[in-house]
Amino acid sequence: NDRLDVQTEFTEGRWVIRYRGQETGSLPEFPDFPDLLEFLTNWAGKLIVLHRFDLPSNGRTYPEITQDLDQGDGLGAARAVSELWRKEPRNRELLHLGMRCLVMMAFEMFDEVEAADILYARALALLALDRALGDAPHLVREECRLAEAMGYHSHALRLADRLPSDDPLRHFLLRED
């Protein structure tokens, strides 16, 4: 059971996390969204090297999926990404689009009973993997959306302020209506 393979220890004001006995990193006592994302991005980077994970780019833009995302159909886009992930050679573009789908669904989720934690966890994991593969500068909008969805409002507001002045997400979060 993988859950038993993870250990945590609080020492010197930080949570030290180990997986199967190997230290994966540490987090402050009360981590904020950037702490979590940085921790996961670093761990993903180590795993990429350790397992020689190669996810090539195929240069495709997948306009039909991008259009679904632009129209707010995260679930439809996720279905299309999932289908292509099974049929085509896996590539960075599909990973990125899959991450965008999960972030969109997490952002639009109304989850008062916190039953959708797995959706947030998967979206965060894919965002970290996307960053570890080298796309960090282009992920501010996705990071902003996911931070807001997960309740890290202060971080989301800081990121929203960096979005283009005509971005609807910026207007929504900064209450610029």
Legend entry - Distance-only polar pair, side chains of Glu93 and Thr61, donor-acceptor under 3.5 Å: no
Inset, instruction - Determine whether more than 12 heavy atoms belonging to other residues, nucleotides or ligands lie under 6.0 Å from atom CZ of Arg18. - result: yes
Legend entry - From Asp161 atom CG to Leu173 atom CG, the distance as rounded to the nearest 0.5 Å: 11.0 Å
Legend entry - Joint cluster assignment, Val16 & Phe39, ILVMFWY side-chain distance < 4.5 Å: no
Legend entry - Heavy-atom check, side chain of Met104 versus side chain of Glu108, under 4.5 Å: yes
Inset, instruction - Answer whether the closest heavy-atom distance between the side chains of Glu142 and Asp130 falls below 4.5 Å. - result: no
Inset, instruction - Say whether, by atom type as modelled, one donor and one acceptor occur between the side chain of Arg145 and the main chain of Phe107 under 3.5 angstrom. - result: no
Inset, instruction - Calculate, to the nearest 0.5 Å, the distance between atoms CZ and CG belonging to Arg20 and Asp5 respectively. - result: 4.5 Å
Inset, instruction - State whether the side chain of Arg14 and the backbone N or O of Ser26 hold a donor-acceptor pair below 3.5 Å, judged by distance alone. - result: yes
Legend entry - Ala78 backbone acceptor or donor facing Ser82 side chain under 3.5 Å: no
Legend entry - Any donor-acceptor pair under 3.5 Å from Trp15 side chain to Phe10 backbone: no
Legend entry - Listed once per pair and sorted, the ring-ring contact (aromatic ring centres under 6.0 Å, His included) pairs that draw on residues 144-177, sequence neighbours left out: Phe33-Tyr152, Phe33-His155
Legend entry - Pair Glu143-Arg162, salt bridge (charged side-chain N to carboxylate O under 4.0 Å, His left out): steps then yes or no: CA-CA 12 Å; Glu143 182 179 340; Arg162 293 173 37 200; over 6 Å; no
Legend entry - Distance-minimising heavy-atom pair for Arg170 and Ser165: CD-CA, 3.9 Å
Inset, instruction - Identify the two heavy atoms, one from Asn91 and one from Tyr62, that lie closest to each other, and give their separation to 0.1 Å. - result: ND2-OH, 3.2 Å
Legend entry - Spacing of CZ belonging to Arg122 relative to CG belonging to Asp117, to within rounding of 0.5 Å: 12.0 Å
Inset, instruction - List the atom of Asp73, the atom of Gly76, and the distance in Å for their closest heavy-atom pair. - result: OD1-N, 2.8 Å
Inset, instruction - Taking the side chain as every heavy atom from C-beta outward, state whether Glu9 and Ile17 have any pair of such atoms under 4.5 Å apart. - result: no
Inset, instruction - With the side chain counted from C-beta on, respond yes when Leu163 and Leu159 share a heavy-atom pair under 4.5 Å apart, and no when they do not. - result: no
Legend entry - Considering all heavy atoms, the nearest Leu40-Ala128 contact: CB-CB, 3.6 Å
Legend entry - Close side-chain approach of Phe30 and Asp35, heavy atoms under 4.5 Å: no
Legend entry - Closest approach of Ala44 to Ala132 (non-hydrogen atoms, all atoms of both residues): CB-CB, 3.8 Å
Legend entry - Stepwise side chain to side chain contact (heavy atoms under 4.5 Å, CB included) check, Arg60 with Leu94: CA-CA 9 Å; Arg60 289 186 54 198; Leu94 284 176; over 6 Å; no
Inset, instruction - Assess whether side chain to side chain contact (heavy atoms under 4.5 Å, CB included) is satisfied between Thr66 and Arg100, documenting all intermediate values. - result: CA-CA 9 Å; Thr66 302; Arg100 286 188 59 203; 4.3 Å; yes
Legend entry - Over all atoms of both residues, closest heavy-atom pair of Glu64 and Leu84: OE2-CD1, 4.4 Å
Legend entry - Joint hydrophobic cluster, Leu97 plus Leu119, side-chain heavy atoms closer than 4.5 Å: yes
Inset, instruction - Quick one: do Leu127 and Leu102 satisfy side chain to side chain contact (heavy atoms under 4.5 Å, CB included)? Show the steps, please. - result: CA-CA 9 Å; Leu127 178 59; Leu102 290 181; over 6 Å; no
Legend entry - Distance (rounded to the nearest 0.5 Å) between Gln22 CD and Leu50 CG: 7.0 Å
Legend entry - Non-hydrogen side-chain atoms of Leu169 and Glu148 separated by less than 4.5 Å: no
Legend entry - Close side-chain approach of Arg90 and Leu95, heavy atoms under 4.5 Å: no
Inset, instruction - Say whether Ser154 and Arg158, considering side chains only, have a donor N or O and an acceptor N or O under 3.5 Å apart. - result: no
Inset, instruction - Using a 4.5 Å cut-off on heavy atoms from C-beta on, say whether the side chain of Leu47 contacts that of Phe53. - result: no
Legend entry - Non-neighbouring partners of Ala77 that pass side-chain contact (heavy atoms from CB on, under 4.5 Å), sequence neighbours left out: Ile65, Asp68, Leu69, Cys101
Inset, instruction - Kindly compute the distance separating CD (Glu83) from CD (Glu88), expressed to the nearest 0.5 Å. - result: 10.0 Å
Inset, instruction - Can you measure from CG (Leu133) to OG1 (Thr41) and round to the nearest 0.5 angstrom? - result: 10.0 Å
